[in-house]
Amino acid sequence: MKNKLYILLFLAFLFSGTTLWAQQKATPKAGEGISSFLLRHNRSPKKYYDDFIELNKQKLGKNNVLKVGVTYVIPPVKKSTTTSAKTTPVKNTGAKNTTSEGAGTKQPSSKAKSTKIGTTINEPLFGKQLANVKVTSNRLAGACFYVVSGHGGPDPGAIGKVGRYELHEDEYAYDIALRLARNLMQEGAEVHIIIQDAKDGIRDDSYLSNSKRETCMGDAIPLNQVQRLQQRCDKINALYRKDRKNHSYCRAIFIHIDSRSKGKQTDVFFYYSNKKGDSKRLANNMKDTFESKYDKHQPNRGFSGTVSGRNLYVLSHTTPASVFVELGNIQNTFDQRRLVINSNRQALAKWLMEGFLKDYKEKK
């Protein structure tokens, strides 16, 4: 009887050991957050996030940040799990995933791999209706972009008013940033979305609801201005160190909305780093693109947007060439129409994409 018991115990140990040995394990990339890590291993953050936390809670850092060099257990695939959309393998580098990321909140993928025409990329940040992005062109194939909307989290940025509605700079900048990122992906580019809100998606509402959910690729956004700006620069720079090996053209864009006196109508302003010639060329190409669009669509209006060098923190502390864009005066009635009408936000995103395209062609 004892022998039978020993045999049963041995078999139980053997099978349990096999299960453990079969568990999939991996180490995160620099700056990678939990959601990005799961996506890289073909696990939906929505279905596996909590399982991952439970399996690895003893190994996670503060706010569930992934530690570089630590091996984590990947949740086993659930039998009921299916994928409804064709997805391209997501190559994440960490910080939401665009530079150094840790994720205390559920965050979708931040970076989509450049792909062939006809391929469909799934990016949950765009919202359910627009998550699937079909690559329709290869005009930006080989290019890599870091798209950053201003402010976010505890900092709403500038605030305008239309009747009883408040217009928060971070919400409108984020919506335009998502639209731009999607346009770039459609052109075959690899795109990192640095500031993220897992719930918003691309919205067509005139008055966008305000929240403090935004993260910097999964990391909580600091209230302190210098820390906040340095955080997003660190994310970009960490990603760029890897991206530069595969992409000869990497550019960052910081999208903001200005706040001036209510009676001051402004056009779009483009700022570049005085220390980088590529930054200046990009800003000029952006401005030229917008000017040509205004000449075409509003021929008698004229365009008074400007290009100038500025010693802005993010331009100075970001390694890849970058441009800082102010899309209008959030206090001015006419400029507000540029923001609250969703087709105008889409046009802004399209023109920014075309500015990048013009610059990329010149660089090539």
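- Follow the hydrophobic side-chain contacts under 4.5 Å out from Val73 and you never reach Val70; the two are in separate clusters.
- Between Tyr272 and Lys276 there is no side-chain heavy-atom pair separated by less than 4.5 Å.
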- Task: Please assess Tyr207 against Leu339 for the test side-chain contact (heavy atoms from CB on, under 4.5 Å), listing each intermediate value before the final yes or no.
- Result: CA-CA 9 Å; Tyr207 305 109; Leu339 304 174; over 6 Å; no
- Message: If you apply the rule side-chain contact (heavy atoms from CB on, under 4.5 Å), what do you find for Val268 with Arg338, and how did you get there?
- Response: CA-CA 11 Å; Val268 181; Arg338 196 179 303 160; 4.3 Å; yes
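- Comment: Lys358 does not engage Glu354 in a salt bridge, judged by the lack of any side-chain N to carboxylate O separation of less than 4.0 angstrom.
- For the pair Tyr174 and Val148, the minimum side-chain heavy-atom distance is 4.5 Å or more.
- For His168 and Tyr172, the ring centers sit 6.0 Å or farther from each other.
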- Task: Determine, step by step, whether Val340 and Leu167 satisfy the side-chain contact (heavy atoms from CB on, under 4.5 Å) criterion, reporting the C-alpha distance in whole Å, the side-chain angles of both residues, the deciding distance to 0.1 Å, and the verdict.
- Result: CA-CA 8 Å; Val340 300; Leu167 311 182; 4.0 Å; yes
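- For His256 and Glu326, the side-chain atoms include no donor-acceptor pair closer than 3.5 Å.
- Checked against the 6.0 Å centroid criterion, the rings of Phe356 and Trp351 do not qualify as a close aromatic pair.
- With no hydrogens or angles considered, no side-chain donor-acceptor pair links Thr136 and Gln186 at under 3.5 Å.
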- Task: List the steps and the verdict of ring pair (Phe, Tyr, Trp, His ring centres under 6.0 Å) for Phe254 and Tyr271.
- Result: CA-CA 10 Å; Phe254 299 90; Tyr271 302 125; over 10 Å; no
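- The pair Arg251-Asp278 meets the salt-bridge criterion, since a charged nitrogen lies less than 4.0 angstrom from a carboxylate oxygen.
- Side-chain contact check for Met185 versus Val135: every heavy-atom pair is 4.5 Å or farther apart.
- Judged by distance alone, the side chain of Asn138 and the main-chain N or O of Lys116 form no donor-acceptor pair under 3.5 Å.
- The shortest side-chain heavy-atom distance between Ile330 and Ile159 does not fall under the 4.5 Å cut-off.
- A salt bridge is defined here as a Lys NZ or Arg NE, NH1 or NH2 lying under 4.0 Å from an Asp or Glu carboxylate O, and Lys212 with Asp197 fails to meet this definition.
- Ser316 is listed as a side-chain neighbour of Asn311, based on a closest heavy-atom distance under 4.5 Å.
- Side chains of Asn132 and Thr120: a donor-acceptor N/O pair is absent below 3.5 angstrom, by distance only.
- The distance from atom CZ of Phe269 to atom CG of Leu327, rounded to the nearest 0.5 Å, is 11.0 Å.
- Residues Tyr72 and Lys67 have side chains in contact (heavy-atom distance under 4.5 Å, counting atoms from C-beta outward).
- In summary, Arg232 and Asp219 do not engage in a salt bridge, as defined by a charged side-chain N under 4.0 Å from a carboxylate O.
- A donor and an acceptor atom, one from each side chain of Asp234 and His317, are nowhere located under 3.5 Å apart.
- Connection of Val307 to Leu352 is established within a shared hydrophobic cluster, with ILVMFWY side chains joined at heavy-atom distances below 4.5 Å, either directly or through further cluster members.
- Ala173 and Gly150 get closest at one heavy-atom pair: CB-N, 4.1 Å.
- For Leu55 against Pro76, the heavy-atom pair with the smallest separation is CD1-CD, 4.4 Å.
- Contact annotation: the side chain of Glu190 approaches that of Asp243 to within less than 4.5 Å [non-hydrogen atoms, C-beta and beyond].
- Classification of the Phe290-Phe303 ring pair by plane angle, with boundaries at 30° and 60°, yields tilted.
- No more than 12 heavy atoms of other residues, nucleotides or ligands lie within 6.0 Å of NZ in Lys134, so this atom counts as exposed by the packing criterion.
- The distance from the OH atom of Tyr294 to the OG1 atom of Thr289 is 13.0 Å, given to the nearest 0.5 Å.
- Side-chain N/O atoms of Asp335 and Thr266 include a donor and acceptor closer than 3.5 Å.
- With hydrogens and angles left out, the side-chain atoms of Thr318 and Asn237 include no donor and acceptor closer than 3.5 Å.
- Between Ile195 atom CD1 and Leu178 atom CG the span is 11.0 Å, to the nearest 0.5 Å.
- Leu140 places a side-chain heavy atom less than 4.5 Å from the side chain of Tyr360.
- Closest of all the heavy-atom pairs between Ser279 and Ala321 is N-CB, 3.9 Å.
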- Task: Report the C-alpha separation of Asp200 and Arg213 in whole Å, then their side-chain angles, then the decisive distance to 0.1 Å, and conclude whether the salt bridge (charged side-chain N to carboxylate O under 4.0 Å, His left out) test is met.
- Result: CA-CA 9 Å; Asp200 279 345; Arg213 288 187 304 266; 2.7 Å; yes
- Message: Please evaluate residues Phe324 and Ile255 with respect to the criterion side-chain contact (heavy atoms from CB on, under 4.5 Å), reporting the C-alpha separation (whole Å), side-chain torsions for both, the decisive distance (0.1 Å), and the verdict.
- Response: CA-CA 6 Å; Phe324 188 106; Ile255 299 174; over 6 Å; no
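- In Gln129, the CD atom is not crowded: 12 or fewer heavy atoms of neighbouring residues, nucleotides or ligands sit closer than 6.0 Å.
- Rounded to the nearest 0.5 Å, atoms CD1 (Ile202) and CG (Leu130) are 5.0 Å apart.
- Side-chain contact of Gln230 with Tyr313: a donor-acceptor pair under 3.5 Å is present, judged by distance alone.
- Atoms NE2 and CG, from His192 and Leu184 in turn, are 12.0 Å apart once rounded to the nearest 0.5 Å.
- In terms of heavy atoms, Ser259 sits closest to Ala158 at CB-CB, 3.5 Å.
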- Task: Would you check, one step at a time, whether the test salt bridge (charged side-chain N to carboxylate O under 4.0 Å, His left out) holds for Lys287 with Asp267?
- Result: CA-CA 10 Å; Lys287 186 257 187 183; Asp267 277 331; over 6 Å; no
- Task: Quick one: do Arg203 and Asp205 satisfy salt bridge (charged side-chain N to carboxylate O under 4.0 Å, His left out)? Show the steps, please.
- Result: CA-CA 6 Å; Arg203 295 173 283 177; Asp205 305 300; 5.5 Å; no
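- The two atoms that bring Gln336 and Lys161 nearest to each other are NE2-O, 3.3 Å, heavy atoms only.
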- Query: Given the rule in the salt bridge (charged side-chain N to carboxylate O under 4.0 Å, His left out) test, do Lys363 and Asp359 qualify, once you have shown the distances and angles that lead to the verdict?
  - Reply: CA-CA 6 Å; Lys363 181 66 176 177; Asp359 192 66; over 6 Å; no
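- Of all heavy-atom pairs between Ala26 and Phe37, the closest is O-CZ, 3.7 Å.
- Between Ser137 atom OG and Arg139 atom CZ the span is 4.5 Å, to the nearest 0.5 Å.
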